[in-house]
Amino acid sequence: MKHRSLLAVVGLALTVIVNAGSLEAQHDPGPRGGAAGAGGLFPGLSPNEQSFFNQAIGAFMEIDSVSGSISGEPGSGLGPTFNGNSCAQCHAQPAIGGSSPTPNPQVGLANLDGAQNTVPSFVTTDGPVREARFIRNPDGSLDGGVHGLYTIAGRSDGEGCNLAQPNFAQQLTANNVIFRIPTPIFGLGLVEATPDSTLQANLAANRGVKSQFGINGSFNMSGNDGTITRFGWKAQNKSLMVFAGEAYNVEQGVSNEAFGNERSAVAGCVYNGSPEDATKMLTDAGSPTGTEAEMSSDLVNFAAFMRLSAPPTPAPMSASGANGANLFNSLGCTLCHTSTLTTGMAKSAANVECHIPPILRFCSPSHGLTFVGRDQPGGGRSGSIPHSSALGPRPAPVFPTRWTHLRLVAGDPGPRLKLHQPHQPKLRLGSEWRGPQI
């Protein structure tokens with residue numbers, strides 16, 4: 001019954017839009033020109049916080065090699081397996097901290113510095129940056145983990161490593177591969193600062209209407225302290241620190257103070273002590289004193305960059321954009337993509353507006369049309385692969401900025417509203433109502 005209800009909602013959406021004439025001329029103009037409207041620091045930061053943010057961007061942009069010995073690649077710890085060699089390599093559109101750039105840098109990365117990798121068929125010059133997860137292990141048990149696209153075998157700084165790439169062609173033939181693309185990290189300090197109580201109230205709101213549409217869900221909870229986890233494709237990570245640590249270890253192969261063990265640590269492919277990224281006793285210049293960013297690990301810098309960044313700035317709303325926003329609301333999209341949540345008190349000035357009395361710090365609304373819980377539209381499966389305790393995907397943010405269109409995807413186990421799946425029919429809500437490519 002829930003599945004049929006969701007089909008009815010999608011059918012109604014298409015009917016309304018067809019009647020409005022919005023499905024004519026299905027041509028995607030691509031990202032709009034003009035200012036990115038994203039990538040800056042949060043308004044109201046103190047001078048020290050601004051300095052920390054500006055230096056943390058440098059760590060986010062740093063290019064890693066195996067041991068930091070290659071010119072132009074000063075970071076250390078790449079591999080043995082990896083999907084990228086810099087955070088900013090994948091998080092670059094429309095500004096540092098965003099999503100996949102064009103052209104896709106993973107193509108050239110395959111053979112950088114003598115590496116002997118073959119570019120998988122699903123990685124293309126004009127396609128998105130991708131990571132690959134296998135659904136099942138060879139014995140049929142559930143897998144769900146990320147399998148690095150490339151290895152350091154053949155690199156000039158990876159002498160002695162003979163680790164082979166996964167057989168992606170074989171896994172694709174077996175329909176055993178699913179993909180993830182980079183999510184923008186703009187304004188995530190606001191998400192981190194939103195209290196559990198606010199999220200719980202948001203989930204409980206309009207429960208009757210949600211039930212009629214077959215929309216239900218629950219939060220992923222930390223097994224350690226029992227609070228809501230909120231970062232990652234399935235909201236599986238508790239904090240920005242954990243989120244950054246997982247990505248550093250999984251995507252670049254750099255062990256760190258949150259994830260201290262090397263992945264794929266086979267004989268002949270381990271060159272550094274663990275953790276490869278750690279709190280610094282000396283600055284890069286050899287001094288025992290330095291700024292917060294200079295003495296902190298890359299991990300801490302990554303988290304600071306995300307925490308102190310501003311959310312995207314909405315583009316001026318045109319008549320067409322307003323029409324799209326009205327349709328977005330009237331069709332029930334906001335049942336999952338909440339327009340505004342209010343953060344709690346925060347230590348950093350990045351997340352607060354000071355109200356009377358000044359001793360109390362209350363935080364500003366977090367705009368962005370997002371939801372942290374895992375959704376199960378139509379009562380269908382909540383995710384095709386396991387990811388820790390996170391059993392279902394979370395709706396992606398839909399920021400009204402100058403990026404790309406929403407699309408309507410007809411996918412298993414039934415039509416569901418998703419975002420930015422390449423080469424799929426799209427639900428056009430107005431020429432100004434755009435979401436990030438995440």
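Just so it is clear, the values below take in all heavy atoms, side chains as well, and ignore hydrogens, waters and symmetry mates. On a predicted model such as this, the values are computed, not experimentally measured, just so you know.
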Asp225 atom CG, over 12 foreign heavy atoms within 6.0 Å: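 Yes.
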
Enclosure of Glu159 CD (heavy-atom neighbours >12, cutoff 6.0 Å): no

Using atom types as modelled and distance alone, determine if a side-chain donor or acceptor of [X] lies under 3.5 Å from a backbone N or O of [Y].
X	Y	result
Trp233	Ile181	yes
Arg230	Thr194	yes
Asn111	Asn117	yes
Gln89	Cys87	no
Asn85	Gln252	no
Ser100	Val129	yes
Thr229	Ala235	yes
Ser287	Thr283	no
Asp277	Ser297	no
Ser86	Met61	yes

Listed partners of Gln116 passing side chain to side chain contact (heavy atoms under 4.5 Å, CB included), at least two apart: none

Partner residues of Ala169 under the side chain to side chain contact (heavy atoms under 4.5 Å, CB included) criterion, sequence neighbours left out: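 For Ala169 the side chain to side chain contact (heavy atoms under 4.5 Å, CB included) partners, ignoring immediate neighbours, are Asn167.
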
Considering non-hydrogen atoms only, spot the tightest contact between [X] and [Y] and give its length.
X	Y	result
Asp143	His147	OD2-NE2, 2.8 Å
Ala59	Phe302	O-CE2, 3.3 Å
Pro128	Asn104	O-ND2, 3.1 Å
Asn176	Gln171	ND2-OE1, 2.7 Å
Ala115	Ala110	CB-O, 3.2 Å
Thr125	Val107	N-CG2, 3.8 Å

Contact between [X] and [Y] at the side-chain level, heavy atoms closer than 4.5 Å - yes or no?
X	Y	answer
Val177	Ile135	no
Ser67	Tyr271	yes
Thr102	Gln93	no
Lys238	Thr227	yes
Arg180	Arg130	no
Leu308	Leu41	no
Leu299	Asn256	yes
Met295	Thr279	no

Any donor-acceptor N or O pair under 3.5 Å, side chains [X], [Y]:
X	Y	answer
Thr291	Gln55	yes
Ser255	Glu276	yes
Glu246	Asn237	yes
Ser46	Glu49	yes

Candidates Leu188, Asn301, Val191 - the one meeting side chain to side chain contact (heavy atoms under 4.5 Å, CB included) with Met306: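 Result for side chain to side chain contact (heavy atoms under 4.5 Å, CB included) with Met306: Leu188.
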
Leu190 vs Phe42, side chain to side chain contact (heavy atoms under 4.5 Å, CB included): CA-CA, chis, key distance, verdict: CA-CA 10 Å; Leu190 295 172; Phe42 199 96; 3.8 Å; yes

Side chain to side chain contact (heavy atoms under 4.5 Å, CB included) between Phe305 and Ile96, worked out: CA-CA 10 Å; Phe305 172 60; Ile96 299 300; 4.1 Å; yes

Residue pairs passing the salt bridge (Lys or Arg N to Asp or Glu O under 4.0 Å) test where at least one lies in residues 118-127, sequence neighbours excluded: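 Applying salt bridge (Lys or Arg N to Asp or Glu O under 4.0 Å) to every pair that reaches into residues 118-127, excluding sequence neighbours, yields nothing.
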
Straight-line distance of [X] [atom1] to [Y] [atom2], nearest 0.5 Å:
X	Y	atom1	atom2	value
Ile185	Ser309	CD1	OG	4.5 Å
Asp157	Ile152	CG	CD1	7.0 Å
Cys269	Asn162	SG	CG	7.0 Å
Thr198	Leu203	OG1	CG	12.5 Å
Cys90	Glu131	SG	CD	9.5 Å

Result block: side-chain N/O donor-acceptor pairs under 3.5 angstrom for residues 69-83, not counting sequence neighbours:
from  : atom 1 : to     : atom 2 : distance (Å)
Glu73 : OE1    : Arg155 : NH2    : 3.3
Asn83 : OD1    : Leu149 : N      : 2.9
Asn83 : ND2    : Glu251 : OE1    : 2.7

Contact list for residues 104-127, test ring pair (Phe, Tyr, Trp, His ring centres under 6.0 Å), sequence neighbours left out: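 Only Phe122-Phe168, Phe122-Phe179 qualify under ring pair (Phe, Tyr, Trp, His ring centres under 6.0 Å).
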
Working for side chain to side chain donor-acceptor pair (under 3.5 Å), residues Ser51 and Asn54: CA-CA 5 Å; Ser51 176; Asn54 289 327; over 6 Å; no

Audit row: Tyr150, Val119, side chain to side chain contact (heavy atoms under 4.5 Å, CB included) steps and yes/no: CA-CA 8 Å; Tyr150 304 134; Val119 179; 4.0 Å; yes

side-chain hydrogen bond (donor to acceptor under 3.5 Å, both in side chains) involving Asp298 - partner list, sequence neighbours excluded: Tyr248

CA sep, side-chain torsions, deciding dist, call: Gln200, Phe219, side chain to side chain contact (heavy atoms under 4.5 Å, CB included): CA-CA 8 Å; Gln200 290 160 346; Phe219 291 110; 4.0 Å; yes

Salt bridge (Lys or Arg N to Asp or Glu O under 4.0 Å) between Arg307 and Glu192, intermediate numbers included: CA-CA 8 Å; Arg307 186 174 296 120; Glu192 190 173 52; 2.7 Å; yes

